[in-house]
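The block underneath contains the structure these notes are about, expressed in structure tokens.
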Number of protein chains: 2
Amino acid sequence: MSVIFSRQCEYALQAVLYLALKQNGEMTSIRELTKKLKIPYHFLAKILQSLAQKGLLSSLKGPTGGFSLGMPADEITLFHIVEAIDGVAFMHNCVLGFPDCSGENPCPVHERWGGLREELYSMLVSRNIGQMARELTKPEYKT
Amino acid sequence: MSVIFSRQCEYALQAVLYLALKQNGEMTSIRELTKKLKIPYHFLAKILQSLAQKGLLSSLKGPTGGFSLGMPADEITLFHIVEAIDGVAFMHNCVLGFPDCSGENPCPVHERWGGLREELYSMLVSRNIGQMARELTKPEYKT
DNA sequence: ACTTTACCAGACTTGTTAGTCTTAAATTAG
DNA sequence: CTAATTTAAGACTAACAAGTCTGGTAAAGT
């Protein structure tokens, strides 16, 4: 089981962080991404296409083609990616699965999870992917 | 998508909380549980059987039979249930899915998620299901 | 003993996610 | 123009999770 996000979403987050390292409008091919990130080629292709359709990435065909961010890196947060791939159900669903969980009818961890959920949200929006990518020291992201 | 736990796990947590409300060795049938909690009968049966095999519940066949907690309610935490059904991968896997994420090779949210994970763990172990059940006001748990 | 009530066990079906494959379309370089 | 390269699109398969069904076994009450 993945931790919170689907595998698709994890791959998307990794790929977008990688693209955030590239300057201006430099294009990166799926081939390069799958090589660096060890993600199945055609699967990643579908994910990137989906992100491109939603405007988070822009793409170009042909040699020298590939993918790049669809907007400035400092305007994209991890939350944007999660929202596009997995949706935001985790922001309002009960963590114990009670269909009717609410403030008046709380589950045993309602308050506690509410706090955690806010912190989780903050983790996803408080920094943009430009900042994150610059601080990144992961060897698989090196040229 | 479920928030963090599988649907099986959510059902298990709900059912065990319900059982924690019953006194001493009183038995509760699957029928009663599915009626109160709106969980598919045969699916819940399989989940309870699995919990019984792992010792978290005890079961009895025949009329007056059913399920009850396999140990005192104040010795069971939500974490015990999660551990039995979903496992504890969420306690050590990278939230962004990086296979090699670690202290020396951290993902952009490594530290942040580390703190959240500990709080999540604490949410699951700091109170036992006996306490939780007693404070529970959910109408579907009423007789 | 017999009948009823419940759990037990495992096969089965369905739905969703993950991953693969093939053909088409666009762009670049020669 | 042509060939090579790369994304686009959609069908296809595989694996897993969710949910159903059937026949069996144990216990209780009469």
Side-chain angles (χ1 to χ4, degrees), chain A residues 1-15 19 25-35 37-70 82 84-87 89 97 99, chain B residues 1-15 19 22 25-35 37-70 82 84-87 89-90 97 99:
Chain A
M1 188 184 62
S2 36
V3 173
I4 295 183
F5 307 123
S6 69
R7 193 162 300 192
Q8 267 196 56
C9 190
E10 291 178 351
Y11 290 162
L13 292 164
Q14 294 174 23
L19 292 177
E26 183 182 354
M27 290 292 174
T28 307
S29 68
I30 302 176
R31 186 162 311 280
E32 176 179 342
L33 283 161
T34 60
K35 195 174 172 188
L37 299 172
K38 305 273 173 35
I39 300 174
Y41 185 93
H42 292 286
F43 193 31
L44 179 58
K46 282 195 356 183
I47 298 169
L48 297 181
Q49 282 164 29
S50 163
L51 289 174
Q53 283 168 349
K54 286 161 186 157
L56 287 164
L57 299 182
S58 71
S59 66
L60 203 65
K61 290 180 183 176
T64 76
F67 291 87
S68 66
L69 298 182
V82 171
I85 303 288
D86 277 351
Chain B
M1 187 185 63
S2 35
V3 174
I4 295 183
F5 307 124
S6 70
R7 194 162 299 191
Q8 267 196 57
C9 192
E10 292 178 350
Y11 290 163
L13 291 164
Q14 295 175 22
L19 293 177
K22 300 299 182 81
E26 183 181 353
M27 288 294 174
T28 307
S29 69
I30 301 177
R31 185 161 311 281
E32 178 180 343
L33 283 162
T34 59
K35 194 174 172 187
L37 300 173
K38 307 270 173 35
I39 301 174
Y41 185 92
H42 292 285
F43 194 32
L44 180 58
K46 283 198 350 185
I47 297 169
L48 297 181
Q49 283 163 28
S50 162
L51 290 174
Q53 284 169 347
K54 287 162 184 156
L56 287 165
L57 300 181
S58 70
S59 65
L60 203 63
K61 290 179 180 176
T64 76
F67 290 87
S68 66
L69 297 182
V82 171
I85 303 289
D86 276 354
F90 74 95

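In what follows, chains are A, B, ... by sequence order, proteins preceding strands, each numbered from 1. Only a predicted model underlies this, so the values are computations on that prediction, with no experimental measurement involved.
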With rounding to the nearest 0.5 Å, note down the distance linking CG in B:L69 to NZ in B:K22.
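Reported value, rounded in 0.5 Å steps: 10.5 Å.
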Could you grab the distance from atom CG of B:L57 to atom CG of B:L51, nearest 0.5 Å is fine?
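The distance works out to 5.0 Å.
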Can you tell me how far [atom2] of [N] sits from [atom1] of [X], to the nearest Å?
X: B:E32; N: C:dA6; atom1: CD; atom2: C1'; value: 13 Å
X: B:L57; N: C:dC8; atom1: CG; atom2: P; value: 10 Å
X: B:Q49; N: D:dT22; atom1: CD; atom2: P; value: 17 Å
X: A:L33; N: D:dT7; atom1: CG; atom2: C1'; value: 13 Å
X: B:F67; N: C:dT5; atom1: CZ; atom2: C1'; value: 14 Å
X: B:L48; N: C:dC8; atom1: CG; atom2: C1'; value: 12 Å
X: B:I47; N: C:dC8; atom1: CD1; atom2: C1'; value: 15 Å

Side chains of [X] and [Y]: does their closest heavy-atom pair fall under 4.5 Å?
X: B:F67; Y: B:T28; value: no
X: A:Y11; Y: A:L37; value: no
X: B:I47; Y: B:I39; value: no

Can you tell me which residue pairs pass the side-chain hydrogen bond (donor to acceptor under 3.5 Å, both in side chains) test with a partner in residues 38-50 of chain B, sequence neighbours excluded?
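Residue pairs with at least one partner in residues 38-50 of chain B: B:S50-B:K54.
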Looking across every strand, which nucleic acid part, if any, lies under 4.0 Å from B:I30 by heavy atom: base, sugar-phosphate, or nothing?
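Sugar-phosphate, backbone atoms only, no base.
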Expected string for nucleotides 18-30 of chain C under the B/S/- scheme (protein heavy atoms, under 4.0 Å, primed atoms plus P, OP1, OP2 as sugar-phosphate) is SBBBB--BBBB--
Quick check on D:dT6: is either OP1 or OP2 less than 4.0 Å from any side-chain nitrogen or oxygen of A:S59?
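For D:dT6, OP1/OP2 do not have a side-chain N/O of A:S59 under 4.0 Å.
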Does a nitrogen or oxygen in the side chain of A:Q53 sit under 4.0 Å from OP1 or OP2 of D:dA9?
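It does, given that an N or O in the side chain of A:Q53 lies less than 4.0 Å from OP1 or OP2 of D:dA9.
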